[in-house]
Engineer: 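This is the structure I want to talk about, given as structure tokens.
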Amino acid sequence: MTDTIHKLAIERFKLCEDAWDDNHKLAKDDMAFRAGKHWDDADEKKRKADGRPCLVVDKLNQYVRQVVNDGRQNRPSVKVRPIDDEGDEEIAEAMQGLIRHILDRSNADDAFDTALECAVVGGFGYFRVCTNYSHENTFNQDIYVERIRNPLAVLLDPNARKADGSDARFGFVVDELTKEEFKRKYPKADYTDFEANAEKYSDGWESGDNVRVCEYFWKEEVPTQVHLLEDGTTADDEDYQAALAEGVPVPAIVETRTLSRSNVKWARISGAEVLETNDWLGKYIPIIPVYGNEFDLDGKVTYSGLIRFAKDPQRLYNYSRSSYAERVALAPKSPYIAAHGQIENYADVWETANTETHSYLPYDPVENAPPPMRQPASDIPEGFARDMQLSEHDIQASMGMYNASLGEKSNEKSGKAILARQREGDVATFHYMDNLNRAVRHLGRILVDLAPKVYDSQRVIRILGEDGTQTEAAVNPEQEMPVVKEGAKTIYNLNIGKYDVTVSAGPSYTTKRQEQAEAMMQLTQANPAVMQIAGDLLVKSMDWPGADDLAERFKLMLPPPIAQALQAKEQDTLPPEAQMIMQQAQQAMAQKDEQLQQAVQGLQERDQALQDLQAQLRELQIQLKDKGGELQIREIETQIKAYDAETKRLQAMTAEQAPAEPSQPAAPSAPAAQVVVDGKDELMGVAGTLQQTVEAQADQLAQAIAMIAQSQEGFSQALQMIAQGQDNMARAYSAPRKMVIGPDGSKHSVVVN
């Protein structure tokens, strides 16, 4: 089997070498010319032997860089779309995000730029798709896009007719290994004694210390019967027969047709044998060409780039520039004319008159002869400069790119004229970018075909958004529905539906973001009111630290109608399960808000009761103070009345017994004193009762205040519990979850830490 594969591979390799030989020679010469080898070997050798200059004034690389860097500024992007009834828009978006992740992880920009530059220089370039293990500790594989630095190392089916090479039946990627490395990498190879088996490595497969090794891809066409069933679906005969064997009820067959399906194989071969072999999972040869100019003359296709037809004008420019430099170098200095006898005595000074600076030149006067005079040197012909201008114009004409395309000042005066000339230059070289877009579109088809076969088990994949944000998604090729929602988690079945791709080229997302910010700034300057309704979008489009945080704050300040519309739009975009969770959370929050309002109302009522009790306490204190004053007054008045009565009695007795000696005032009589004592006891009893009443009410008031304080503390704890509950609900809603199957087979959704 391997001998048959190797024999066919060698035959196809020779076929490719013969078909691509002329293109490879021309492309190699173009690449050497671009690298600075402008002179023919024989001419350069002869001129250097004669001591003549061989100048290289490069005028071509600036045009190559113009085209290549224009491609770097307008990156092609892949867009996936469903093309049959089973295709799903969400699967298409997920596939598109997966392709972005593959291109980003592979540094596919390097592959695109290298292929485009090779096409611009030599007429063709390539990049490829490969698969490899995700990392060293897994059996999961990922898809990668790799660049091919040397386009001469690729040989693609010369009978492929499509511009993107999608109909190629086979292809080779050539590599060379040292003999020691070959023996180390393939120790069990049959032919490792190159000296004894040199005939096995003829035709360039073994040279010196190197051995040629090729990766060989080829298609094997397999005939397959496809049935149209009564329900309108189609099925392969193999799947249909398997369903019948398992006893699964299937619709009857309405129509059958036979088609050919491609299985791609891979092998690594040497000039003697097949070293490795494997199946390639996709249906396309994973080598993608990017072509430049394409000419089909009598069935022979020739490819060229910008360099091919600009080489002769560049050589003419180099010849003219070298001849000009040679003429300037050989032009004589301006000579002096002097009469005989004028300078002989000063020969040492006059010999250096053209090479040194002298303050004066002495001479001897000669009768009837003027002083020595300098004669003008012969002029350099203007034809050199004119020829260089013509050569540079021929270079530009061969490429279709003029000074305006390079940003240089030309005859154009107005801005519109300059833009028009730049547009003409872009149009003249647009086919290079268009061919790259075709290649990227074919790459998209390869990735769409390959993804379900590589990601063929339950696993998590990365999806990259257009703005660079990365999210995770799960794939499950065994689920019946294309998309299944489990809470905030989405699971895709990439095997359901058929999908195609389109390509759009334009500025990168960062460039678009900068243009958006600039346009919105101009808009807000013209109409400041725009800042109130779109300030968050303006700030979000700016690239500086904290822009996203400031945009969120501007979003909170949007007018209520816009904020409500955005909120409703966000809710509409949520899956049903998430909307249900949101509704439950909102209901719970509404209940908490109602409890909060009730608690606030109860607190206000308690505050009012506290204020009433405090007012009553102040009133009782005033009343107590007033009662105490009345008791003192009544006691004093009673004493005064008792003394007054006693005084009057003594005065009456004195008047009856006068003249008698005055005597000391006597103490009040027993009845009067008893009256005073009884009145005082009565007042003290009233005051005691009043004091007890006030103290009892004060105790009740203190208890009420303590109860209110305790209620306030409980209310604060309730508020904290409500806030904590809301925070837990928000975290539970936003946290990633996964399904866990319990011992009894029940499914539970748990949070992933």
Engineer: Going through the distances and angles, do Val145 and Leu443 end up as a side chain to side chain contact (heavy atoms under 4.5 Å, CB included)?
Structural biologist: CA-CA 9 Å; Val145 178; Leu443 169 66; 4.0 Å; yes

Engineer: Classify the angle between the aromatic ring planes of Tyr126 and Tyr291 as parallel (below 30°), tilted (30 to 60°) or perpendicular (above 60°).
Structural biologist: perpendicular

Engineer: Return yes if some donor-acceptor pair links the side-chain N/O of Asp70 with the main-chain N/O of Thr429 below 3.5 Å, else return no.
Structural biologist: no

Engineer: Without swapping roles, check the side chain of Asp236 against the backbone of Asp239 for a donor-acceptor pair under 3.5 Å.
Structural biologist: no

Engineer: When you look at Arg128 and Glu215, which way does the salt bridge (charged side-chain N to carboxylate O under 4.0 Å, His left out) test go after all the steps?
Structural biologist: CA-CA 12 Å; Arg128 61 179 297 183; Glu215 288 186 72; 2.8 Å; yes

Engineer: Kindly indicate whether the side chain of Glu146, heavy atoms from C-beta on, has any atom under 4.5 Å from the side chain of Phe127.
Structural biologist: no

Engineer: Go through the steps for Val483 and Ile496 under the test side chain to side chain contact (heavy atoms under 4.5 Å, CB included), then give the verdict.
Structural biologist: CA-CA 10 Å; Val483 181; Ile496 297 179; over 6 Å; no

Engineer: Of all heavy-atom pairs between Leu116 and Gly71, which one has the smallest distance, and what is that distance?
Structural biologist: CD2-CA, 4.1 Å

Engineer: Are His101 and Ile461 close enough that some pair of their side-chain heavy atoms sits under 4.5 Å apart?
Structural biologist: no

Engineer: From Arg81 CZ over to Tyr499 OH, what is the distance, rounded to the nearest 0.5 angstrom?
Structural biologist: 13.5 Å

Engineer: Are side-chain N/O atoms of His442 and Ser166 paired as donor and acceptor at under 3.5 Å?
Structural biologist: no

Engineer: Any side-chain heavy atom of Ile463 sitting closer than 4.5 Å to one from Gln470?
Structural biologist: no

Engineer: Just by distance, do the side chain of Asn107 and the backbone of Asp110 share a donor-acceptor pair under 3.5 Å?
Structural biologist: no

Engineer: So, Asn435 side chain and His431 main chain: donor-acceptor pair closer than 3.5 Å or not?
Structural biologist: yes

Engineer: How are the rings of Phe172 and Phe170 set to each other: parallel, tilted or perpendicular (split at 30° and 60°)?
Structural biologist: perpendicular

Engineer: Is the shortest side-chain heavy-atom distance between Phe124 and Pro289 below 4.5 Å?
Structural biologist: no

Engineer: Using distance alone, with no hydrogens and no angle criterion, decide if Glu221 and Ser260 have a side-chain donor and acceptor under 3.5 Å apart.
Structural biologist: yes

Engineer: Distance-only, no hydrogens or angles: does the Trp20 side chain make a donor-acceptor pair with backbone N or O of Leu156 under 3.5 Å?
Structural biologist: yes

Engineer: Does Phe430 offer a backbone N or O that forms a donor-acceptor pair with the side chain of Asp434 under 3.5 Å?
Structural biologist: no

Engineer: Determine whether Ile102 and Asp142 make a side-chain contact, defined as any pair of heavy atoms from C-beta on separated by less than 4.5 Å.
Structural biologist: no

Engineer: Between His135 and Asn140, do the side chains contain a donor N or O and an acceptor N or O under 3.5 Å apart?
Structural biologist: no

Engineer: Please report the C-alpha distance between Phe295 and Val301 in whole Å, then the side-chain angles of each, then the deciding distance to 0.1 Å, and finally whether the side chain to side chain contact (heavy atoms under 4.5 Å, CB included) criterion is met.
Structural biologist: CA-CA 5 Å; Phe295 309 99; Val301 180; over 6 Å; no

Engineer: When you compare the side chain of Val448 with that of Ile99, does any pair of heavy atoms fall below 4.5 Å?
Structural biologist: yes

Engineer: Under 3.5 Å, side chain of Arg308 to main-chain N/O of Tyr303, donor-acceptor pair present?
Structural biologist: yes

Engineer: Does any part of the side chain of His227, heavy atoms only, come nearer than 4.5 Å to the side chain of Asp237, both counted from C-beta?
Structural biologist: yes

Engineer: Run the salt bridge (charged side-chain N to carboxylate O under 4.0 Å, His left out) test on Arg445 and Asp449 for me, step by step, so that the C-alpha distance in whole Å, both residues' side-chain angles and the decisive distance to 0.1 Å come before the verdict.
Structural biologist: CA-CA 6 Å; Arg445 293 196 182 104; Asp449 171 63; over 6 Å; no

Engineer: Can you find a side-chain donor-acceptor pair between Gln479 and Tyr492 that sits under 3.5 Å?
Structural biologist: no

Engineer: Main chain of Ala160, side chain of Asp167: is a donor-acceptor contact present, judged purely on distance under 3.5 Å?
Structural biologist: no

Engineer: Atom CG in Leu281, atom CD1 in Ile446: separation rounded to 0.5 Å?
Structural biologist: 13.0 Å

Engineer: Strictly by modelled atom types, are Arg147 and Thr114 linked by a side-chain donor-acceptor pair under 3.5 Å?
Structural biologist: yes

Engineer: With under 30° as parallel and over 60° as perpendicular, where do the rings of Phe217 and Trp280 fit, or are they tilted in between?
Structural biologist: perpendicular

Engineer: Would you check if the side chain of Arg261 reaches a backbone N or O of Leu259 as a donor-acceptor pair within less than 3.5 Å?
Structural biologist: no

Engineer: Students often mix this up, so state it plainly: with edges at 30° and 60°, are the rings of Tyr133 and Phe139 parallel, tilted or perpendicular?
Structural biologist: perpendicular

Engineer: Start with the C-alpha distance between Arg75 and Asp113, add both sets of side-chain angles, then the distance that settles salt bridge (charged side-chain N to carboxylate O under 4.0 Å, His left out), and finish with yes or no.
Structural biologist: CA-CA 10 Å; Arg75 298 289 188 190; Asp113 296 340; 2.6 Å; yes

Engineer: Hey, what do you get for CZ (Arg149) to SG (Cys118), rounding to the nearest 0.5 Å?
Structural biologist: 10.5 Å

Engineer: For Trp266, does its backbone N or O pair with a side-chain atom of Thr277 as donor and acceptor, under 3.5 Å?
Structural biologist: yes

Engineer: Counting C-beta onward and ignoring hydrogens, is there a side-chain heavy-atom pair between Phe112 and Glu117 closer than 4.5 Å?
Structural biologist: no

Engineer: OG of Ser134 to CD of Gln141: how many Å apart, nearest 0.5 Å?
Structural biologist: 8.0 Å

Engineer: In a check of side-chain contact (heavy atoms from CB on, under 4.5 Å) between Pro82 and each of Glu90, Met95, Glu89, which one passes?
Structural biologist: Glu89

